[in-house]
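Written below as structure tokens is the structure these notes are about.
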Amino acid sequence: MDQSRISATPPVLGKPLKRAFFARSVHEVAPDLIGATLLVDGVGGVIVEVEAYHHTDPAAHSFRGPTPRNLVMFGPPGFAYVYRSYGIHWCVNFVCEKEGSASAVLIRALEPTHGIAAMRRRRGQQDARALCSGPGKLTEALGITGKHNGLPLDAPPIALHARATKPDIVAGVRIGITKAVELPWRYGLKGSKFLSKAF
DNA sequence: CCATGGATTGTCT
DNA sequence: GACAATCCATGGG
């Protein structure tokens, strides 16, 4: 069976995730997000890869304290922290724990399920496996930009839906960082063909 | 398949 | 002034 093929009819969505879902340790929330569905204006898919960043972690943007860029990370949980990467791409995080904890989960890859035509248009890309297989790719596919920084995760245009059952999850070291490179805080859906990189 | 380098700009030193 | 939580095209094995 061709696993890169995407079904024409989107799967039924689970119940909406409330803001309180994020008011826990980032190390609990990150693996719990695998299998959940992220939509922006109805376009998106199933989260298959994330990374956890904690304020005590030298690789986290919040490690050295609040700045104009990372201010949302120091706010309450359940909000989107969006930043520009390498001057070119946008990346989206979900703020966790409690106000001032400054921890967040970076969303790194989705399996596209909703609004695939719109994603292909935005990405100029036909291959379903390349639409959302990276943090910069998925923001482009979903139309996420700096305008979404600070928006709540449980109100339009953003929606999150719970997974039906707990999937098999794999963990590994994070990608593209130079500090605390050994921490195994990257989580993925086992066997997924839509990861940014194999575990 | 893997390795390398350019693009491009906000942010912090 | 350096560098970054990346992506893509290109070139070699």
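Every chain is numbered from 1 and lettered A, B, ... according to where its sequence line falls, protein lines coming before strand lines.
Between A/Arg123 and A/Glu140 a salt bridge is recorded (basic side-chain N to carboxylate O distance below 4.0 Å). Using a 4.0 Å cut-off between a side-chain N of Lys or Arg and a carboxylate O of Asp or Glu, A/Lys179 and A/Asp57 do not qualify as a salt bridge.
The CG atom of A/Leu138 sits 12 Å away from the P atom of C/dC8 (whole-angstrom rounding). Rounded to whole Å, the distance from CZ on A/Phe63 to C1' on B/dC12 is 15 Å. Rounded to a whole Å, the CD1 atom of A/Ile88 is 12 Å from the C1' atom of B/dG5. Here C/dC7 presents its P atom at 15 Å from CH2 of A/Trp90, a figure rounded to the nearest Å. Taking atom CG on A/Leu183 and atom P on C/dA5, their separation rounds to 14 Å, with Å as the unit. Rounded to an integer number of Å, the gap from A/Asp127 CG to C/dC8 C1' is 14 Å. A/Leu131 has its CG atom 13 Å from the P atom of C/dC7, to the nearest Å. Distance NZ (A/Lys179) to P (B/dC12): 12 Å, rounded to an integer number of Å.
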Query raised in the report: According to the Watson-Crick and G-U wobble definition with distances under 3.5 Å, which dot-bracket string, read 5' to 3', encodes DNA chain C, using [ ] for crossing pairs and | for pairs with another strand?
Result: ||||.|||||||.

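Taking the side chain as every heavy atom from C-beta outward, A/Val50 and A/Phe94 never approach each other to under 4.5 Å. For the pair A/Leu142/A/Cys132, a side-chain contact is recorded, criterion being any heavy-atom separation below 4.5 Å from C-beta on.
Using a 3.5 Å distance cut-off with no hydrogens or angles, the side chains of A/Thr56 and A/His54 do pair a donor with an acceptor.
Nearest nucleotide to the A/Thr67 side chain, out of B/dT8, B/dC12, C/dA5: B/dC12. Of the candidates C/dA5, B/dT11, B/dT13, the closest approach to any side-chain atom of A/Arg64 belongs to B/dT13.
In this structure, the side chain of A/Arg186 does not engage the main chain of A/Glu51 through any donor-acceptor pair within 3.5 Å.
Checking the phosphate oxygens (OP1, OP2) of C/dC8, a side-chain nitrogen or oxygen of A/Arg123 falls inside 4.0 Å. When the side-chain nitrogen and oxygen atoms of A/Lys137 are compared with OP1 and OP2 of C/dC8, one or more of them lie within a distance under 4.0 Å.
Within 4.0 Å of A/Thr178, counting heavy atoms only, lie sugar-phosphate atoms of the nucleic acid but no base atom.
Heavy-atom distances to DNA chain C give each of A/Val105 and A/Ala130 a nearest nucleotide, and the one nearer the 5′ end belongs to A/Val105.
Not a single donor-acceptor contact under 3.5 angstrom links the side-chain atoms of A/Tyr86 to the base of B/dA7.
If you chain together ILVMFWY residues whose side-chain heavy atoms come under 4.5 Å of each other, A/Phe79 ends up grouped with A/Tyr53, A/Val72, A/Met73, A/Phe74, A/Tyr81, A/Tyr83, A/Val95, A/Leu106, A/Ile177, A/Val181.
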